[in-house]
There are 2 protein chains.
Amino acid sequence: MKEGPDIAQVATLIGDPARANMLTALMSGKALTVSELAQEAGVTIQTASSHLSKLDSGGLLRPRKQGRHKYFSLASDDVAHVLEGLMGLAAGAGHLRKRTGPKDAELRKARVCYNHLAGDMGTQMFDSLIAQGHLVLEGPDLALTQSGLAFVSDFEIDAAALQQARAPLCRECLDWSARRSHLAGSLGRAFLTRFEDLTWAKRDQKTRIVSFSDSGAAAFHRLFPTAST
Amino acid sequence: MKEGPDIAQVATLIGDPARANMLTALMSGKALTVSELAQEAGVTIQTASSHLSKLDSGGLLRPRKQGRHKYFSLASDDVAHVLEGLMGLAAGAGHLRKRTGPKDAELRKARVCYNHLAGDMGTQMFDSLIAQGHLVLEGPDLALTQSGLAFVSDFEIDAAALQQARAPLCRECLDWSARRSHLAGSLGRAFLTRFEDLTWAKRDQKTRIVSFSDSGAAAFHRLFPTAST
DNA sequence: TGGATGCTTCGACTAGGGTCGAAGTATGAA
DNA sequence: TTCATACTTCGACCCTAGTCGAAGCATCCA
């Protein structure tokens, strides 16, 4: 009767408000401790501990012990991907947000999606890389072209080193706000880190908003021009 | 505190076993009645009715009344996309299926994913279309090239008519089994329909398995060759 | 009009799971 | 060793939400 894997179990895990808050908090890409996640979710530490062990055994999280602290992060990009998808459904359908605060616009413009850049600026970067021929869809995956490799190393990102790692270099990730792809994977991560190093942008840990400075935004648009710009 | 849309509500909807079964059943792409979905989920009609109204108001379903029947189908490709993603998480992580029957292999080979072809053969078709230059990643979306247009009309699919419709023509969809993209969107749908018309393949409504005949599979591989084949 | 079918609504029952207090374990610092 | 911090486990409470029987609409057929 049942075919395919059991959706319900995973969905139930995400379905609890406290757990959903924790997962959303982890979308920032930062690893957080039990206490921090408890506060994020608005529950006591005991409750949080129980939730986290469930999420962990459900395979959604990756725990790491460091001294007497226990850090949790999302298990993989796939998890982040599904969470973004759920956000898209929640945003689009039904109860489409009661509170449309000023934060919302900023979130749509640029935010962190599990360590890489999402939002309008994320999709712009992605589009521009494709348009410039630095990135191509090669079979199932995204691949960096020769020119892309040069482009990236010009930007002082060591793509060769990234390629050594087992994690995929390039990956697509679908925005819930823009409904378009942006760049994920280790390269996507490297770009965001580089933006921060160059002080083009900095991220707010609490809200996932990435705010670009004026000069940073200008440099960004120079680097990733679009047809319309 | 909370940023972005509310994941938990949507996830809770999917999280109930009965509802998850219904949604999984609808992944076949067929519209089903309340009674059929009740049977699929293993609950009474009253219970099913209650579940379906929740799924509906959650924006996951699209209801249509026809006489005294009420048909439900998934609201959009996005919903199917998220469901596939959840299947991927459920398959990969934690309790990775107790029952690995013979059906499983067939499901991985070729199955219906909300009206289009998924599984190994789905990704093969996608890869081949890309490799032959019929399909390209154009900015955020997939686009059919000139040669692709010719290819498609050779196959007696009226792409022009499909393009008139508001639904996107080409779209990517990520397999939970192969973890690779396959073709969704109205074109993906048209392909599968055409395979059925040509009696290359037929789909089992209960299990989502798509079974190709020997000659059908041969024709398929002729039409969508791969580098390895 | 009467009866059958398909679905919805109402009400009551029940179980599963989220919640926190209190006690227990592990790690680090003095 | 002793105390403090970070987390886990246990136990009990409570409440939401899934479940079905019974009754109520709506639609179709004869």
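So you know, we letter chains A, B, ... as the sequences are listed, proteins then strands, and number each from 1.
The residue A/K54 sits close only to the backbone: its heavy atoms come under 4.0 Å of sugar-phosphate atoms, none of a base.
Residues passing the salt bridge (charged side-chain N to carboxylate O under 4.0 Å, His left out) test with B/R194 are B/E156, sequence neighbours excluded.
With rounding to the nearest 0.5 Å, the separation of CE in A/M27 from CG in A/L23 is 9.0 Å.
Counting 5' to 3', DNA chain D first comes under 4.0 angstrom of a heavy atom of chain B and last does so at the ends given by D/dG18 to D/dC28.
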(request) Do nucleotides 1-8 of chain C as a string where each nucleotide becomes B, S or -: B if the base has a protein heavy atom under 4.0 Å, S if just the sugar-phosphate does, - if no protein is that close. (result) ---BBSSB
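In this structure, A/L26 and A/V79 have side chains that are not in contact, with every pair of non-hydrogen atoms separated by 4.5 Å or more. With a 4.5 Å cut-off on side-chain heavy atoms, A/L60 and A/L74 do not count as touching. Looking at A/Q39 and A/L32, their side chains never come closer than 4.5 Å, going by heavy atoms from C-beta outward.
Remark: the backbone N or O of B/H51 is not paired with any side-chain donor or acceptor of B/R19 at under 3.5 angstrom. A distance-only check finds no donor-acceptor pair linking the side chain of A/R203 to the backbone of A/E196 [under 3.5 Å].
Note: B/F195 and B/F224 have perpendicular aromatic rings, judged against thresholds of 30 and 60 degrees for the angle between ring planes.
When the C1' atom of C/dG16 is taken as reference, atom NE2 of A/H51 falls 14 Å away, rounded to whole Å.
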